[in-house]
Amino acid sequence: MTTLAEALRSAIWAQVLAPEELARVQSETIEREIPAGGYACREGEPVNHWIGVIEGLVKLSVVSAEGKAATLAGVPTGGWFGEGSLLRTEPRRYDAVALRDSRIAFMPRATFTRLLDTNIGFNRFLLNQLNERLGQFIGMVAHERLLDPDARVARSLADLFNTFLYPGVTEKLTISQEEIGYLSGVSRQRVNQALRALEDAGLLRTEYGGVTVLDPAALRSYGA
DNA sequence: TCATTAAATTGTT
DNA sequence: AACAATTTAATGA
């Protein structure tokens, strides 16, 4: 099992840190275990940390006034989120639910702010991350009308496969069909059906406990 | 190494 | 939602 220190050292944004700075970040960042179904953070809470997934899978979601839930993104091992709320100094705008037992890193606001103020490379990373996220959301909005479950499943998987945001994610995604269902807002049965359609189309291969992505680009544009 | 069992995941209705 | 089938992981002979 990777330790918190190891996970921080291998994070993409940590590659631009000097050894002393990395050590300082490691000493200031804490880890918490979140059981499946638990919250890493909740909407409306004051934002005091930048949050990273050391190990596991987290779903970012909002609930509308009518109580309808919408998934914004899935964050797998190696992903970090919450920089938007930190930058704007506003309450958390979404829930982060662990879809499986997960180990979550919490970097204090002061640490995050220091990196932002002192490290150009860290700023460049954040710019890229925000840009990738924006691209995801644009794609989401553009395809919102197409409620075709096959396409939704395809998009969820393609987003998870984002190699910049989640460098640890390889073509073999370790994710159950049930978890895909939570991310894409589709029943597990329908996920099963969609996966077979996508497999028939040659975009991926289903396996026990996961799927292997064969054609990421086609997956992203499926149904468009 | 092999057999047994429990747990997780998948396939189907 | 429920059920059966399949795969994996863990256990002990």
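No hydrogens, no waters, no symmetry mates; every other heavy atom, side chains included, goes into these values. Chain A is the first sequence line, chain B the second, and so forth, proteins listed ahead of strands; every chain is numbered from 1.
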Query raised in the report: In terms of side-chain geometry, is the basic nitrogen of R190(A) or D150(A) positioned less than 4.0 Å from the acidic oxygen of its partner?
Result: yes
Requested in this report: May I ask you to say whether R188(A) pairs ionically with E178(A), meaning some side-chain N is under 4.0 Å from a carboxylate O?
Outcome: no
Query - Distance-only donor-acceptor check, side chains N162(A) and E132(A), under 3.5 Å - result: yes
Query raised in the report: What does R196(A) touch in the nucleic acid at a heavy-atom separation under 4.0 angstrom: a base, only the sugar-phosphate, or nothing?
Result: sugar-phosphate
Report task. Determine, using ring centers only, whether W50(A) and F122(A) are less than 6.0 Å apart. Result -> yes
Query raised in the report: Using a cut-off of 4.0 Å between protein heavy atoms and nucleotide atoms, how would you tag nucleotides 3-10 of chain B 5' to 3' with B, S and -?
Result: -----BSB
Query - For L195(A), the option from L203(A), I180(A), D200(A) that meets side chain to side chain contact (heavy atoms under 4.5 Å, CB included) - result: I180(A)
